[in-house]
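Since the structure is predicted, the reported quantities are computational estimates derived from the model, not experimental observations. Both counts, for ligands and for their atoms, begin at 1 and track the order of listing.
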Amino acid sequence: MSIAENIHLFNQKLSGTDCKLVAVSKTKPNELLQEAYDAGQRILGENKVQELVDKSEALPKDIQWHMIGHLQRNKVKYIAPFISLIHSIDSPRLLKEVQKRALQNERTIDVLLQVFIAEEETKFGFDKEELTTFLSSDEFKEMKNIRVVGLMGMATNTPDQNQVRKEFASLKSLSDELKSEFNHLENVALSEISMGMSGDYQIAVEEGSTMVRVGSAIFGARNYSTT
Ligand SMILES: *Cc1c(COP(=O)(O)O)cnc(C)c1O
């Protein structure tokens, strides 16, 4: 199936839900991103800063770029002028840097806090206690140029669907808890839950996802081997 067909199919699947499609275009050439754009897709997700910046310069200006991959602090400055949403805030220090660069650019940057929900030890993110502590801190309240609009999580890479479902459900319930505790803060407006990828988006939507990050199911398998 073509990229356009895949996008239309996802739009159909998600219609009637509160879930938006983030088309994850990492490693794919600009021509394919343009195809997605021409099919109406406006939210594109990338996981490397340099690639994201290059693509944003080459492609239409009304694309909303989402940073979904691990972000190094020394690279925040390159995306701060234009990034639409950062999904992958995984430490207070990183958010502090985003605050600094947002201020310099005289804007507010929307972010998601990445939460550790998987069993694997390799995944980045806050755990529940760290989140509560951080959101309660004075340091956080001073961050007036960022807005925490939700949480992001990645489930364990396992064929066990019950495990995946449990992890997504835990992110949803954490979101509900944090909403009631912190949504009164000026820089908190929790409404988004970014969860679900090509292999597990259906479960994620059933468990309350508001953003699925779908790459290979739209653009085809990625090839990391030579380029
Ligand atoms: C690559 C990536 C995705 C998309 O993965 P697919 O399995 O190709 O849909 C989603 N989220 C993150 C954080 C990624 O790095």
Side-chain angles (χ1 to χ4, degrees), residues 1-11 13-14 19-29 32-33 35-36 39 41-55 63-72 75-76 79 83-91 94 98 110-126 149-161 163-165 167-168 171-172 192-225 227:
M1 285 217 301
S2 71
I3 289 170
E5 284 169 323
N6 290 336
I7 296 223
H8 292 314
L9 199 68
F10 267 94
N11 286 336
K13 285 178 184 164
L14 297 179
C19 191
K20 293 176 280 293
L21 176 63
V22 178
V24 176
S25 48
K26 62 189 187 194
T27 78
K28 299 296 179 182
L32 301 192
L33 279 65
E35 266 184 62
Q41 183 65 25
R42 290 296 177 270
I43 306 178
L44 294 182
E46 291 282 337
N47 71 337
K48 296 223 160 62
V49 165
Q50 187 61 53
E51 188 177 344
L52 199 165
V53 169
D54 291 345
K55 286 174 169 175
I63 292 174
Q64 297 157 42
W65 294 98
H66 286 198
M67 177 63 190
I68 63 166
H70 181 60
L71 177 57
Q72 289 170 294
K75 297 198 173 153
V76 172
I79 59 171
I83 198 76
S84 168
L85 180 65
I86 302 173
H87 290 232
S88 42
I89 299 295
D90 57 8
S91 73
L94 175 60
V98 174
D110 284 350
V111 301
L112 306 179
L113 301 177
Q114 184 168 352
V115 184
F116 183 86
I117 55 172
E119 282 190 332
E120 290 129 300
E121 301 212 336
T122 52
K123 301 263 157 78
F124 296 98
F126 290 88
V149 299
L151 304 179
M152 184 272 234
M154 289 170 85
T156 305
N157 186 7
T158 168
D160 181 355
Q161 303 222 335
Q163 174 71 23
V164 171
R165 187 177 296 281
E167 291 171 2
F168 286 152
L171 189 60
K172 164 71 172 148
E192 305 289 354
I193 305 177
S194 167
M195 59 184 186
M197 320 194 338
S198 293
D200 56 18
Y201 72 89
Q202 277 159 318
I203 303 175
V205 172
E206 285 166 19
E207 297 302 327
S209 173
T210 71
M211 285 181 182
V212 285
R213 309 177 308 271
V214 181
S216 44
I218 292 173
F219 293 102
R222 286 177 297 275
N223 178 2
Y224 291 102
S225 59
T227 49

Quick one, [X] and [Y] - any side-chain contact, counting heavy atoms below 4.5 Å?
X      : Y      : value
Val212 : Cys19  : yes
Thr27  : Asn223 : no
Gln50  : Lys75  : no
Met152 : Met211 : no

Report the nearest protein non-hydrogen atom to atom 12 (C) of ligand 1: residue, atom name, distance rounded to 0.1 Å.
->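 Sorting protein heavy atoms by distance from atom 12 (C) of ligand 1 puts Ile68 CD1, 3.5 Å first.
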
Numbering the atoms of ligand 1 from 1, which are under 4.0 Å from a heavy atom of [X]?
X      : answer
Arg213 : 4 (C), 9 (O), 10 (C), 11 (N), 12 (C), 13 (C)
Val214 : 9 (O)
Gly215 : 4 (C), 6 (P), 8 (O), 9 (O)

Report yes if some N/O of Ser198 lies less than 3.5 Å from some N/O of ligand 1; otherwise report no.
->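 Such a contact does occur with ligand 1.
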
Between Met197 and ligand 1, is there a nitrogen or oxygen pair with a distance under 3.5 Å?
-> no

Nearest non-hydrogen atom to atom 1 (C) of ligand 1 belongs to which of Lys26, Gln114, Met195, Arg222?
-> Lys26

Which word best sums up how the rings of Phe124 and His70 line up, parallel for under 30°, tilted for 30 to 60°, or perpendicular for over 60°?
->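 Rings of Phe124 and His70: parallel, as their planes differ by under 30°.
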
Taking only residues two or more places apart in sequence or in another chain, which ones pass salt bridge (Lys or Arg N to Asp or Glu O under 4.0 Å) with Lys55?
-> Glu46, Glu51

